[in-house]
Amino acid sequence: MADPKGFLTTPREDWPRRPVEERVRDWDEVYVPGALLPIISKQADRCMDCGIPFCHDACPLGNLIPEWNDLVSREDWRAASDRLHATNNFPEFTGRLCPAPCEAGCVLAINQPAVTIKNVEVAIADRAWEDGFTAPRPPDRLSGKTVAVVGSGPTGLAAAQQLTRAGHTVAVYERADRIGGLLRYGIPAFKMERRHLDRRLEQMRAEGTKFRTSTAVGVDVGAAELRARYDAVVLATGATAWRELDVPGRELAGVHQAMEYLPLADRVCEGDLEVSPLSAAGKHVVIVGGGDTGADCLGTAVREGAASVTQLDIYPLPEAERDEDVDPWPTYPKVYRLSAAHEEARDLRSAPAADADARLFAASTLRFTGDGSGRVRALHLVEVDERRRARPGTERTLPADLVLLALGFSGPDRHDGLVDQLGLALDPRGTITRGPDFATNVPGVYAAGDAARGQSLIVWAIAEGRSVAAAVDRRLTGADRLPSPIGPYDRPMTALPPATGGGVWR
């Protein structure tokens, strides 16, 4: 604890964003380059070095937050990098993309703005790359065991890196033409530039991990063949089966899933396309779904030059402050948050019909209507109450040339045949079932990440990757050698309903 009065004398200061008018004209990250390091040591000083740091428990990785806060406040960047990488394979990803449940669990957050944990994390990660603290770590010797990892999102990459460093020969199979999963094709570049992903992949290649792109397991390679070829198989395919919206007019041209839209914009940034076939340029866009994927669509549509863009959220407008009866500290509260994309839409007045920034809250879609050629032209909605019942007399119509459905995901995509070829058991949600050691009902086959947990956060994805790697290594070697931060049944901290007497559980 470098400054025992830091939390009393230093106010919270976040990494400043670039001006809206500037950043919407490009696909670069929204933050001011170089503006974080001058403020971050003082921000790290705000950490109170709590006797019981709840930020640890709020983070599924168990990040050693007070330790690296102290090291950053003393500007010992190498030691801070060592402590950060001890629990997190990819802090440059989480520091940019995670919504920071650790900050919700910060003890300071009981009555003050939390420590800027996420900003400290990304500052350490970026400094580690700049100062050469991220040299590849190939194993001293090979075990002679082979592992296939199916899927190259954060879960698959974390599992692959852990197993490679443990001495196993690991091959990652990815059906897309580039490695990264949603980190490559799904998350917009203005949230994380692809250079961060590319340099981490180069580190993994140097350590010995092999990558097989444009290879769909179940189609290009039979699932049984893969199982026979390797000593263990880790399924980290993600939850890519998107949820549908069953309303009249869904069949109209111009109504698309968010994950049909976002990857095309990413391919423009990769240089594969000059213009996205689903570009929002000049169109009235409506996004159905109030989560992060919807916000990603919003920021993308703004950059493509949409005539207007409105996001529908079926939930009511959240309060500005935590409701201690519903979301007591240290749980992650449902409060009003202004993402970079919402800030852009607000300042540019991209959604003149919206309640706040670009969002219409407590809004439910009734139907779509189109023109004579079968293209969508309008979305009809109604206001709903807390139980999602329509409020009479609240029907509205929004112009809509492009509708994007961002309603979440239910489980792994089954079109490639992987699940059926292996005979994997699924739970009622459609996710892969597994035991306490992450093993599926098929011997030698393990499941991790969203494919088994269901749609979750990147920090949980990496924790799953590290934990499944520990389980696989234990089976292959008979020893406990790798860290396992979570079990397959762990869930985020949640408050019990008030009727049960309250309290917090995990």
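Being a predicted model, the structure only gives us computed values, none of them experimental.
In this structure, the side chains of Ile432 and Pro412 come closer than 4.5 Å at one or more pairs of heavy atoms. The closest side-chain heavy-atom distance from Leu61 to Arg466 is below 4.5 Å. By the 4.5 Å heavy-atom criterion applied to side chains, Tyr173 and Val149 are not counted as neighbours. Put simply, the side chain of Leu183 reaches to within 4.5 Å of the side chain of Ile458, judged on heavy atoms. Residues Pro333 and Asp323 have side chains not in contact (no heavy-atom distance under 4.5 Å, counting atoms from C-beta outward). You'll find the side chain of Val172 stays beyond 4.5 Å of the side chain of Thr213, heavy atoms only. Inter-residue side-chain proximity for Cys297 and Leu262 is flagged as met; some heavy-atom pair is nearer than 4.5 Å. At a threshold of 4.5 Å between non-hydrogen side-chain atoms, the residues Pro66 and Cys55 count as touching.
Looking at Arg46, its side chain never comes within 3.5 Å of a backbone N or O of Lys42 through a donor-acceptor pair. The main-chain N or O of Gly487 is found under 3.5 Å from a side-chain atom of Asp490 such that the two form a donor-acceptor pair. In this structure a side-chain-to-backbone donor-acceptor pair under 3.5 Å is present from Gln455 to Phe409. With hydrogens and angles disregarded, no donor-acceptor distance shorter than 3.5 Å links the side chain of Glu270 to the backbone of Asp272. Remark: side-chain polar atoms of Arg453 are not paired, donor with acceptor, to backbone N or O of Ala448 under 3.5 angstrom. The main-chain N or O of Ile65 is never found under 3.5 Å from a side-chain atom of Asn63 such that the two would form a donor-acceptor pair.
The structure places CD1 of Ile40 at 8.5 Å from CD1 of Ile124, a figure rounded to the nearest 0.5 Å. Taking CD1 of Ile39 as the start and CG of Asn119 as the end, the distance is 6.5 Å to the nearest 0.5 Å. Here Thr240 contributes atom OG1 and Gln257 contributes atom CD; the two are 11.5 Å apart, rounded to the nearest 0.5 Å. In this structure, OG1 in Thr365 is found 8.0 Å from CG in Leu405, a value given to the nearest 0.5 Å. A distance of 8.5 Å separates CE in Met204 from CZ in Arg165, rounded to the nearest 0.5 Å. Once rounded to the nearest 0.5 Å, the distance linking OG of Ser364 with CG of Leu312 reads 9.0 Å.
Geometrically, Arg178 does not engage Tyr185 in a cation-pi contact defined by less than 6.0 Å to the ring centre and at most 45° from the axis. Remark: Arg337 qualifies as a cation-pi partner of Tyr332 under the 6.0 Å distance and 45° angle criteria applied to the six-membered ring. Because its NZ or CZ atom is not both nearer than 6.0 Å to the ring centre of Phe190 and within 45° of the ring axis, Arg23 does not count as a cation-pi partner of that residue.
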*Evaluate the side-chain contact (heavy atoms from CB on, under 4.5 Å) criterion for residues Leu278 and His256: first the C-alpha distance (whole Å), next the side-chain angles of each, then the deciding distance (0.1 Å), finally the verdict.*
CA-CA 9 Å; Leu278 298 183; His256 296 275; 3.5 Å; yes
*Would Ser467 and Glu464 count as a side-chain contact (heavy atoms from CB on, under 4.5 Å) if you check the C-alpha gap in whole Å, the side-chain angles of each, and the deciding distance to 0.1 Å?*
CA-CA 5 Å; Ser467 297; Glu464 287 251 342; 5.7 Å; no
*List the steps, then state whether side-chain contact (heavy atoms from CB on, under 4.5 Å) holds for Val288 with Leu404.*
CA-CA 6 Å; Val288 182; Leu404 302 173; over 6 Å; no
*Give the intermediate values and the outcome of ring pair (Phe, Tyr, Trp, His ring centres under 6.0 Å) for residues Tyr31 and Trp15.*
CA-CA 7 Å; Tyr31 296 102; Trp15 192 359; 4.5 Å; yes
*Decide side-chain contact (heavy atoms from CB on, under 4.5 Å) for Gln161 and Gln203; before the verdict, give the C-alpha distance in whole Å, the side-chain angles of both, and the deciding distance to 0.1 Å.*
CA-CA 9 Å; Gln161 185 168 65; Gln203 179 199 51; 3.0 Å; yes
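Counted within 6.0 Å of CZ on Arg175, heavy atoms from surrounding residues, nucleotides or ligands total 12 or fewer; the atom is thus considered open. With a 6.0 Å radius and a threshold of 12 heavy atoms from other residues, nucleotides or ligands, Phe133 has its CZ atom above the threshold. In the displayed structure, Asp292 atom CG is contacted under 6.0 Å by at most 12 heavy atoms of other residues, nucleotides or ligands.
In summary, Arg205 and Glu202 engage in a salt bridge, as defined by a charged side-chain N under 4.0 Å from a carboxylate O. Taking the charged nitrogens against the carboxylate oxygens, Arg359 and Asp357 do have a contact shorter than 4.0 Å, which makes a salt bridge. Looking at Asp266 and Arg194, a side-chain N of the basic residue comes within less than 4.0 Å of a carboxylate O on the acidic one, giving a salt bridge. With respect to Arg199 and Asp126, a salt bridge is recorded, a charged nitrogen being found less than 4.0 Å from a carboxylate O. Here Asp82 does not pair with Arg78 in a salt bridge; the nearest charged N to carboxylate O distance is not below 4.0 Å. Contact check on Arg267 versus Asp177 returns a salt bridge, with a Lys/Arg side-chain nitrogen under 4.0 Å from an Asp/Glu carboxylate oxygen. Look at Arg83 and Asp76 and you find no salt bridge, because none of the NZ, NE, NH1 or NH2 atoms lies under 4.0 Å from a carboxylate O. Classification of Glu103 and Lys118 as a salt-bridged pair fails, no side-chain N sitting under 4.0 Å from a carboxylate O. Using a cutoff of 4.0 Å between basic side-chain nitrogens and carboxylate oxygens, Glu304 and Lys283 are not scored as salt-bridged. Salt-bridge formation is not detected for the pair Lys334/Glu319: no Lys NZ or Arg NE/NH1/NH2 atom is positioned less than 4.0 Å from an Asp or Glu carboxylate oxygen.
The minimum heavy-atom distance between His196 and Phe93, with the atom names listed, is O-CE2, 3.8 Å. Taking all atoms of both residues into account, the shortest heavy-atom contact from Asp220 to Ser214 is OD2-O, 3.6 Å. Taking both residues in full, the closest heavy atoms of Ser410 and Thr431 are given as O-CG2, 3.7 Å, listed atom of the first, atom of the second, then distance. Taking all atoms of both residues into account, the shortest heavy-atom contact from Cys50 to Pro53 is O-CD, 3.6 Å. Across all non-hydrogen atoms, the minimal contact from Leu482 to Ala469 is CD1-O, 3.8 Å. Residues Gly449 and Thr155 come closest through the heavy atom pair CA-OG1, 3.4 Å.
Thr209 and Thr164 share a side-chain donor-acceptor pair at under 3.5 Å. Judged purely by distance below 3.5 Å, without hydrogens or angles, the side chains of Glu121 and Asn88 pair a donor atom with an acceptor atom.
For the pairing with Glu29, the salt bridge (charged side-chain N to carboxylate O under 4.0 Å, His left out) check across Arg96, Lys191, Arg17 returns one residue only, Arg96.
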